[in-house]
Amino acid sequence: MNLEFSEEARAIGDQARRFLEKRDCRERARAALSGEAEPDVELWREMVAFGWIGSFIPEEYGGNGAGYEALCVIAEEIGRSLAPVPFASNILAGEIILRSGTQEQKSYWLPKIASGEMIGTLALHEAPGRISADAITLRYENGRLTGRKCPVPDGAQADFAVVVARDPDGSIVPVLAFFDETVTRTRQPTIDDSRAQAELHFDGTPGERLGSGGSGAWAELVAALDRAAVILAFEEVGGAQACLDLAVEYAKTRHAFGRPIGANQAIKHKLANVYVAVELARSNAMMGALGLLSEQGDLAVAAATARVSAIQAFIMASSESIQTHGGIGFTWEADTNLFYRRANALALGLGTESYWKERLVSGLEQRHLA
Amino acid sequence: MNLEFSEEARAIGDQARRFLEKRDCRERARAALSGEAEPDVELWREMVAFGWIGSFIPEEYGGNGAGYEALCVIAEEIGRSLAPVPFASNILAGEIILRSGTQEQKSYWLPKIASGEMIGTLALHEAPGRISADAITLRYENGRLTGRKCPVPDGAQADFAVVVARDPDGSIVPVLAFFDETVTRTRQPTIDDSRAQAELHFDGTPGERLGSGGSGAWAELVAALDRAAVILAFEEVGGAQACLDLAVEYAKTRHAFGRPIGANQAIKHKLANVYVAVELARSNAMMGALGLLSEQGDLAVAAATARVSAIQAFIMASSESIQTHGGIGFTWEADTNLFYRRANALALGLGTESYWKERLVSGLEQRHLA
Amino acid sequence: MDLEDSPEEARFRKSVRAFLDANATRRDESAEPARYYEVDEAKLGLARAWQRKKAAAGFAGIRWPKQWGGQGLSSIHEVIYQQEEARYAVPKGVFDIGLGMCIPTLLAYADDAHLERYTKPALWGDEIWCQMFSEPNAGSDLAGLTTRAVRDGADWILDGQKTWTSGAQFSDFGIVLARTDFGAPKHKGLTMFFIDMKAPGVEVRPIHQMSGASHFNEVFLSGVRVPDAQRLGEVSDGWRVAVTTLMNERLAVGEEARPDIEDIHAFLTQSDGGKAPPMAEQAVRFRFADWYVASKGVEAFRNRGLTKLSRGEMPGPELSVARIVNAEKLQQMSRYAVEMMGAGGLLLDRDNPQANNPFQLALLAAPGARIAGGTSEILRNIIAERVLGLPADTRADKDVPFREIARGAGKSPRKGETV
Amino acid sequence: MDLEDSPEEARFRKSVRAFLDANATRRDESAEPARYYEVDEAKLGLARAWQRKKAAAGFAGIRWPKQWGGQGLSSIHEVIYQQEEARYAVPKGVFDIGLGMCIPTLLAYADDAHLERYTKPALWGDEIWCQMFSEPNAGSDLAGLTTRAVRDGADWILDGQKTWTSGAQFSDFGIVLARTDFGAPKHKGLTMFFIDMKAPGVEVRPIHQMSGASHFNEVFLSGVRVPDAQRLGEVSDGWRVAVTTLMNERLAVGEEARPDIEDIHAFLTQSDGGKAPPMAEQAVRFRFADWYVASKGVEAFRNRGLTKLSRGEMPGPELSVARIVNAEKLQQMSRYAVEMMGAGGLLLDRDNPQANNPFQLALLAAPGARIAGGTSEILRNIIAERVLGLPADTRADKDVPFREIARGAGKSPRKGETV
C-alpha cells in the first residue's frame, strides 16, 4: 500500500510552499480583491519559470515531464497560498489541447503554456445553469466565431482560448482562437475578484477547430474537465487545510472567559468536523490523482468523488474558520474572508457540486452497464 | 395574537397527563414490545370513557363536541406517555367517515368509535412505497372485497375498517367492512411492536361503499389524511418533548469527569438544537391546529408543514436522547429505546416525510395557481 | 385560538395604519430585499424627518413613560407599530438603538435633569445615540472588556477601543461600558457612562465587512473626559446596567432576514426560456420544503411569543431561536441558489442579467449572520442554560481579580497586524 | 503512488490466500450483510476449530513474538491477513479481544510462567478471553470506575460491576481494571488484574440491546478472590496498562460497517415491477453521492493509514474518523431506505417480501454505532486534542482524591431502577 506522493513530488511541493510564502500571496490576493491589481501575471510567470505548470505537459511539447504528481502538490500549495494567478484557466486549456489537439496544435500551443509565453483559457460558459452541451450557442462558421461567453476565467488577461462553439450542423466544436481586436473583453465583478472573470464578445473572430473533428468533441471536453477536476480538488484541499490551520491557531491563542476559545467543545468539535472533512477530501483527491496517473479511461467516478469531496471540505472549512474567528473573521481585511470567497468561487467555476454528483452517479451507472 | 390553546383544552390536557402517568404507560408499551401484551384495548376503553377520543366527533354522532383543540392536546399527551393504544387507527377511520360518509353511515359508525364499542382502522397500504392511488389493487366488486392490505394499524384488534379499494371501473372506492371470518389477519413484527400492525387478506368480505360515490374518493381520502396529520403531529411533538425532558434530566444528574455531563457544550448544544426543533414543530403544529379549527379548505400546506416538522423533531429528539444517555440509552429496557421506535414508526405510518414534503410543495403550487 | 388582535390592540393597529397611510407609501414587498448600504447625509435627513413625524403623531417612544414624551404603552403596542411600519417605505434603523436601548437605560438610571435634556431631542430625531459595549477582545465574553475609566476629580478619563458600534459615525451621544476596577472579578469592576461623541479623544473608523458593507465602526477613546454626572448607575454596577440595556434587545421579535423563503421560492419557481423551473425537480422540492418548514416554524414560534407579550408576560427565547435558524437557513439558501446558477453564480454585478438576484450578496453576508448579535454557539449556550437549565460552562475566570485572568487577542489574520 | 503491496507483503498475502483457499470457502459478498446474532455452543465450536486451523498453519498471533507461538511479524501483516480473511465465510469475532488486546497486555506485563500457561491455549482456540473495563458509571470517563480491589494477604478481593463486556458469557479468563486506592487522583489509583471467569463470585448477565442483539454483558464481581500473581503491572499503575490494551484496538483499520454504500446502492438501483429504480430521481442521486463520497473518503483515508503502517509508522486517527463518519452514514442511510419503503418500512420480518432488506435492523442498530467503542463526542474530543492540539476540556476532577469527585449515576429511564 503506497497511497502517498513520491519524495520527488513532495520536494517540489515544499519548494512551492516556501516560494509562495515569500511572495506573500494573501496580500496580493487582497490587493486584487480591492481592485488595486489585476491577476498577478508577473507572479504567474515566476511560477511557470520553475517548470511547475508545465509539469503535466510532456517534454516534447515544452513541459518538464515532472508529471501529475508534481502538478497535484503544486495545486495544493496554490490553494493554500491563495496566489491570484491564472492557474485553472491554463490547466483547462492545456488539458483539452493535450487530449484533443492534433500533433501540430499540440506542438504549437502547449509550449506557449508551458513557458508562460501565453496565458490560455477555456471559454465555455454562456447562460447560467449547469454545464451542458445544450447551453452552447456561440457560432463557429467559415472559420469564425460569433457570440458571447461569460464568465471566462482570466478572460481579460488571457492571450488565447479554447472556445466551445457550435457549427452550422449543430455539432459542438472546440475552437482555438487568439484574442484579437474582434474580441471585446469586459472584466466582471464576482464574488472573488482575486481571480478575474470576464465577459467576451466574439465578432467574427478567426479560429481553428481543435483536433481532427468528429462527433466526440463534447465527450472529449467532459473528459478534460474530469482531469482538471482532480487538479482543482487539490487546490481546494490546500485552501481547506489553510482555513483549518488558521482556525486552530486562532482558537489556541484567542482567549475568552479566561481560557483559549479552543478549550470549548463547541469549537473543538467544530474543528474536528472540519479536520474529518479535509482528510476525507485529501484522501479522495489522492485516489483521483491515482486515476490521473494510471491513465485509465475510467477517471470520471474518481474525479467526481474528489471534486465533490473537495468542494464540500473547502466550503465548510472556510465558513467554520470565519465562525471560529467571530466578528473579526468576516471583515474585509481578514484572510478568512479571502478563503471564503475562493472556496465559493472554486466551487462554481468548473462544474458545480450538482454537476459532479451527477457525473459521479452516471459514471457508476456506465460502469455497471459495462 | 392568541396562538395558544384555550384554558378548557389545556385543562383536558392536564387531566390526560395525570391519568396517563398513573397508568404507567411506558411499562405497558415495554410489555407490548416484548410480546407480553397486545395493544392495550382496556386502557383505550378507559381513555374513550373520558370522552377524549370522541372530542372531534359532533355530539349528534355520539361525540362530546369538545372539538379539535381538545383532541390535539390529548394527542400530545398520548405521544408523551407512549400509551400503546389504537389511537391513530381510530382517528383515521373516524376522520374519513366524518368527512365522506353519508348521514346514515355517520350515524351508524361514529358513535361506535366515540363510545369505544368498536375499534376502527384504515386499511390503505399494499405495496411498499409512497402513498398513491396507483398502488391500490384490492378489488371491490359486487359488494365484496378481495385482496391484501399490509401493514394495517391495529389490524389484528380492530373490529372494522375503511378499506381503500378499486372497483371494476378502476375507480378508487373506500369501503366500510366488518372484520368477519372472511378476513385473515396476521400480526406483523415491526420496528415498534408497542403499536401493532397486521397483514389482512380479504376473501370476498362484504362491505359498503363509504359516502355517496363519485370520482372524488381519493381526494377525500387525502384530505382526511391531512386532518389526521395535524393530530399525529401533536402526538409526535409530545413524544419529542418527552425525549428532550428525559435527556435534560439525565444530563443534569449523570456525572463524568467530576461534573454533570450536561455541563459539556457537546451536550448543551445538542440539546439546544433539540429544543429548537421541538419548539418549531410545536409552533407548526399549532398553526396546523388553527387550520383544523378554521375549517377552511386549504389545510394541505399547514398540515404538511406541521407533519414534516413533527417527524423531523421526534426523530431527532429520540436519536439525540439516546446519544445523551450513552450506552444505557440503546438497551432494550431504556425508555429512550421505546421513544426511538415510536418516532420512527410514526414517521412511516401515515405518509412519510417525502409524501408530506411533496404535499406541501404541491399545495403551495395550487395556491399560486388559484 | 386565533391570530387576531385583542379589541384594544386592533384599535391601536387601526390608528397606526391611519397614520402610516396618511404619511408614507406602501413598500413593494416583492421588490428589492434588504440591501447592505451606507447611510449618507441625505438619508440621515430623511430619517430625522420621519422620526419627527412619528413623534408629532404620538408613535415614537411607545413604551416610554408619558412624562418624557412617550406613550406609556406596552411592548405589544411597540411590536404592532413595528409590524405595520415594516410594510411601508420609510427610513429604518438610524434611531432604533438610541430609542430602544440607550434612552431606556437613561430612563432607568439617569436623573431628571438629564432626562429633561436628552429624551426630547432623541425622540424628535434631533440627536442620535449609539451603544459602545463590544471590544476587539471582548465579544462573546463581553464582561472581559478592558476600556479603562479612571477617576480624575469630578470627571472620569476613558481610554480604550470599542468595536461593532452601529451608527457611531453619525451619533451625537453614546453609552459606554468601561472598567473602573481591575482588581475586582470581571463582572464586578465595570461602570456605565454616557458620552458626547463629539468630545475630544473620540475617533470613529468604519469597519469594512466581507459583504462590502460598512455599517459597523471601531471607536477609539483616547483620554476622553466624562463628568461623573454622566455615570449611569453606581460605580462597579455597570454589568447590571448593561443587562438592562440588552434586555431591551429581546423585543426585536420582528427582525427580518432577507432573502428569505419568499425570495428562494420566487427564484426556484421562475422558468427560464421555456425550461421547467427548478422546482419541477424532486430534489429541489424537498430542499425547499425543509426551509419552508423552518421558516414557518420560526414565524409561528414568534407568534406564540407575541401571544405571551399580548398577555403581559415576558418574551422568551424567540429571538435566539430565530437567529440560530435564520442564519443557518440564509447560508444554505444563498449557497443553493448560487450553485444552481453554475458559473453564472460567480457574477456579482446587479446590472448583469446573469446576476439579477440577491443571493450572491447574501452568500457574502451569511457568515456574518451567524456571528453578529451573538454567535450561534453563544445563543445555544443561552438556550441550554437559561431555558433548559443545564449547568453553566466551567469558568476559569470566576471570582478571579480581572487583572489575573488569562487574556489573549488571538493570532489574527488581519491585514497589517503583527501577531 | 499505487495501492499495491510491497514485494514482501505480496508474498505474505499470497500465502494467506493459499491457506484460505485450501481451508475455507469464499463469502458471497452481495449476500447477507452483518447480522446481529448470538453465539451458541455450535458456533463456538466452529470458531474454535477455525482458530485451531489458523494456529496450525501459522496465521494466528501474527504480531506475537515467536517465543510464545506467534509469527513475529508486523502490524501490516496482521492487516493483510484480516483483509483476506474478510472475504471468506469463516467464524469471526470470538477470539479478537483475547488475542488482539488481552494476551498482548499479558505479553507486556505478565511473567514467563503465566505466558507459558496462557498463550498457547488462547492461540489454539482452547481458551477465550474478555476485557472488563467499562462500568455503568464509567463509560466515556473510564478512569472514573469504582470496582474495588482490596488486598487480603497474597490475594486481592474484587467487588463491583462491569458492563459492555463482549463475550463474557463464554470466556474462560478476563482482564479487569479495578480501583485499589480511593484516596489517589482517579488515574493514579487503578490496578490491572486478570481473573478466572469461572471463579466464585463472577456472574455474567446479558444486556438486551435495542436492536434485539445481546452481544454485550454485565459482569458482577462479588468478593472474587484473585492471587496477587495475577496482577498485571504495578499497583496503582493500571491506567498505563489499560492504555497499552486500548492502543491495540487502533489497529482494527478494517472494521466494517454494514449495510454500507454497496447495500444502499443495490437498494436504490433495484427496480420494482417495471417502475424506474429510485436512483432515477435526482434527489436520490445527490443523496447517494454524498454517502459515496464519504464512504470512499474513509476507505482512501484508511489506505493512507495503511501506507504509514506499511512503512512501519504508527497508525493515526483513522479509526476515530471512520467511526464518526460511518455511524452518521449508517443512521442516515437506514432511515432513508426505510422512508423510501413507506409504511412497508415498518415491517421487520425477514421472511416478508416487503421487508427483505437489512435497513430496518440497521435503523435499530444505528444509535448504538454512535456510542459503542467511544461516543462520537469523545472521538471528536480525541481528534481535537490529540491531532489538532487544542486544549483539553477543563477538568473538575483533576488532581482531586477520587473519593472527593462528584459522581452521579444519572436519573435513568431504565426498567425497574429507582432514581
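Every chain is numbered from 1, with letters handed out A, B, ... down the list of sequences.
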Would you mind checking which part of Arg380(C) comes under 4.5 Å of any heavy atom in chain A, side chain (CB onward), backbone (N, CA, C, O), both or neither?
-> neither

Determine the sole option in Leu363(C), Leu268(C), Val338(C), Ile264(C) for which the side chain to side chain contact (heavy atoms under 4.5 Å, CB included) test with Met333(C) is passed.
-> Ile264(C)

Does a side-chain N-to-carboxylate-O contact under 4.0 Å join Arg30(A) and Glu27(A)?
-> yes

Under 30°, 30 to 60°, or over 60°: which ring-plane class applies to His208(C) and Trp332(A), parallel, tilted or perpendicular?
-> parallel

Using a cut-off of under 4.5 Å for heavy-atom pairs, which of Pro260(A), Gly329(A), Ala347(A), Ala256(A) has the most such pairs with chain C?
-> Ala256(A)

So how far is it from Thr336(A) OG1 to Arg341(A) CZ, rounded to the nearest 0.5 Å?
-> 10.5 Å

Exercise: identify the closest heavy-atom pair between Val274(A) and Ala317(A) = CG1-CB, 3.7 Å

Of the backbone (N, CA, C, O) and the side chain (C-beta and beyond), which part of Gln331(C) lies under 4.5 Å from a heavy atom of chain A, both, or neither?
-> side chain

Pro278(C) versus chain A, heavy atoms under 4.5 Å apart: side chain, backbone, both or neither?
-> neither

Check each atom of Ile267(A) against the heavy atoms of chain C and say whether the ones under 4.5 Å are side chain, backbone, both or neither.
-> neither

For the candidates Gly342(C), Ser376(C), Gly144(C), which exhibits the highest count of non-hydrogen atom pairs separated by less than 4.5 Å from chain A?
-> Gly342(C)

Winner by heavy-atom pair count (cut-off under 4.5 Å) against chain C, out of Pro153(A), Ala263(A), Gly327(A), Ser318(A) = Gly327(A)

Please flag which part of Lys186(C) lies under 4.5 Å from any non-hydrogen atom of chain A: side chain, backbone, both or neither.
-> side chain

Region of Asn264(A) that comes under 4.5 Å of a non-hydrogen atom in chain C = side chain

When only pairs under 4.5 Å are counted, which of Ile261(A), Asp192(A), Ile131(A), Ile315(A) shares the most heavy-atom pairs with chain C?
-> Ile315(A)

Check ion pair Glu339(C)-Arg287(C) (N to O, under 4.0 angstrom) = no

Give a yes or no answer on whether the side chain of Lys188(C) reaches the backbone of Phe402(C) with a donor-acceptor pair at less than 3.5 Å.
-> no

Contact part of Asn381(C) toward chain A, heavy-atom cut-off under 4.5 Å: side chain, backbone, both or neither?
-> neither

Measure Tyr340(A) against the heavy atoms of chain C and call it side chain, backbone, both or neither at under 4.5 Å.
-> side chain

Could you tell me whether Glu21(A) and Arg80(A) have a side-chain N and a carboxylate O separated by less than 4.0 Å?
-> no

Below 4.5 Å from any heavy atom of chain A, which atoms of Val400(C) appear? Answer side chain, backbone, both or neither.
-> neither

Ring-face cation of Arg205(C) near Phe220(C) (centre distance under 6.0 Å, axis angle within 45°) | yes

What residue in Glu353(A), Arg130(A), Gln323(A) has the most heavy-atom pairs under 4.5 Å with chain C?
-> Gln323(A)

Short N-O contact, Glu126(A) and Lys149(A), less than 4.0 angstrom | yes

N/O donor-acceptor pair under 3.5 Å between Gln161(C) side chain and Pro136(C) backbone = no

Measure Lys252(A) against the heavy atoms of chain C and call it side chain, backbone, both or neither at under 4.5 Å.
-> neither

For Ile311(A), is it the side chain, the backbone, both or neither that has a heavy atom under 4.5 Å from a heavy atom of chain C?
-> side chain

Sort Ala143(C) into side chain, backbone, both or neither according to what part of it lies under 4.5 angstrom from a heavy atom of chain A.
-> neither

Pick from Asp397(C), Thr375(C), Thr163(C) with the largest number of heavy-atom pairs that fall under 4.5 Å of chain A = Asp397(C)

